[in-house]
2 protein chains.
Amino acid sequence: MKKDQSKRLQQQIDAINSLVLHQIKPSMQRIAIMDYLITHRTHPSADEIYEKLSIGMPTLSKTTVYNTLKLFASNGAAQMITIDEHQVNFDADTSTHAHFLCKQCGKIYDLSLPELATMPDMQKIEGHLVKEISYFYKGICKDCLAKGTKDSNTN
Amino acid sequence: MKKDQSKRLQQQIDAINSLVLHQIKPSMQRIAIMDYLITHRTHPSADEIYEKLSIGMPTLSKTTVYNTLKLFASNGAAQMITIDEHQVNFDADTSTHAHFLCKQCGKIYDLSLPELATMPDMQKIEGHLVKEISYFYKGICKDCLAKGTKDSNTN
DNA sequence: TTCATATTTGTAATGATTACATTTTTATAT
DNA sequence: ATATAAAAATGTAATCATTACAAATATGAA
Ligand SMILES: [Mn+2]
Ligand SMILES: [Mn+2]
Ligand SMILES: [Zn+2]
Ligand SMILES: [Zn+2]
């Protein structure tokens, strides 16, 4: 179990590095939340993060999770994803990349669309100063297509 | 005032046509809501539509507005825009076009980005069946840039 | 230690959206 | 035209993600 221990330690360090890099003073909670974001690339919601972390950290407050995620977002340490109209999801990967939401299972996938990379951030478009870019796709994911054979009409 | 009358009538007809085209049986409320969407290209929220329409239609229910907009969206008569994390906005223009949300004034603008048109709807990307595409940009809009000279650091 | 500041916590709002039961409208059959 | 069934709209009460706020705790310099 030595491996697990040292791996977890390295993850913590990665989390702290990301925080410091984005001018966020590390704290128990902030490290835990950033660590969760880094090790779970499934674009979790605030509630999911709270539920999972509060198991090993019973005093964690949901408010702290919300505040912390908002702090991360405004400092560029994480990105807010508003692809789902019901809740906001978060991503430690702040690079401009596209997301796909499966309407059936709800999972959010990363998409690497090379043609999108052509458009640089932080520029003006039609006179507006662009600070954030989001590319969202919705439909039925690979896995759900494989399972259910219904609705396979639209090729 | 003859002109106004006939113009309004034509708008109603346009609204009805869009409904019928999308297999939605026209009703007073549905026509009014579609008419509002067509004549107000500002991407209104359900609440805004309700507030404005209920003036001249006091019995209108907010539930009806929500139900109707959801019906429009699932029949392809309007598109839901989840660019704002606080509420959903709607657009009678169902063509694939980008949107810009101003973080200062909250207005949502259309962007006509020709390079986006290259990607056709209803195809598979990385194995996932794509049914909807959204391109969202956020920042400070033209007007707000002109007014406030603060935060002009990021050219 | 002491004091000021930053962070976290718990609880109570808020506010958009939805559920649901009731009423009204519309269409159809008699 | 009347009765009847289905569709649509209404009003109210939940739901539930997010935020506001005040109190408690931790941090860090003096
Ligand atoms: Mn991602
Ligand atoms: Mn639009
Ligand atoms: Zn799926
Ligand atoms: Zn603006």
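Each chain gets a letter, A, B and so on, in the order its sequence line appears, and its residues count up from 1. Small disclaimer: the values here were computed from a predicted structure and weren't measured.
We find that NE2 of A:His86 is positioned 15 Å from C1' of D:dT18, with the value rounded to whole Å. The separation between A:Asn67 atom CG and C:dT7 atom P is 11 Å, rounded to whole Å. Remark: C1' of D:dA9 and CZ of B:Arg30 are 9 Å apart, rounded to the nearest angstrom. Note: CD (A:Glu85) to P (D:dT18) measures 13 Å, nearest angstrom. The CD1-P distance, from B:Ile81 to C:dA16, rounds to 17 Å in whole Å. The distance from atom OH of B:Tyr66 to atom P of D:dT10 is 15 Å, rounded to the nearest whole Å. Rounded to whole Å, the distance from CD on B:Gln87 to P on C:dG15 is 12 Å. With rounding to whole Å, B:Leu60 atom CG is found 16 Å from C:dT24 atom P.
Checking the phosphate oxygens (OP1, OP2) of C:dT18, a side-chain nitrogen or oxygen of B:Lys70 falls inside 4.0 Å. The side chain of B:Lys62 places no N or O atom within less than 4.0 Å of a non-bridging phosphate oxygen (OP1 or OP2) of D:dT12. Phosphate proximity of C:dT8 to A:Ser27: present, with a side-chain N or O under 4.0 Å from OP1 or OP2. Checking the phosphate oxygens (OP1, OP2) of D:dG11, no side-chain nitrogen or oxygen of B:Thr63 falls inside 4.0 Å. Contact check, A:Gln29 against D:dA26: no side-chain N or O comes under 4.0 Å of OP1 or OP2. Taking side-chain N and O atoms only, B:Thr64 has a distance below 4.0 Å to OP1 or OP2 of D:dT10.
Using modelled atom types, no side-chain atom of B:His86 and backbone atom of B:Asp84 make a donor-acceptor pair closer than 3.5 Å. At distances below 3.5 Å, not a single donor-acceptor pair connects side-chain atoms of B:Thr68 with backbone N or O atoms of B:Arg30.
Side-chain atoms of A:Asp91 and A:His99 include a donor-acceptor pair closer than 3.5 Å.
Residue contacts for B:Ser45: at a heavy-atom cut-off of 4.0 Å it reaches no nucleic acid atom on any strand shown.
No more than 12 heavy atoms of other residues, nucleotides or ligands lie within 6.0 Å of NZ in A:Lys142, so this atom counts as exposed by the packing criterion. Counting non-hydrogen atoms of other residues, nucleotides and ligands closer than 6.0 Å to CD of A:Gln10 gives a total above 12.
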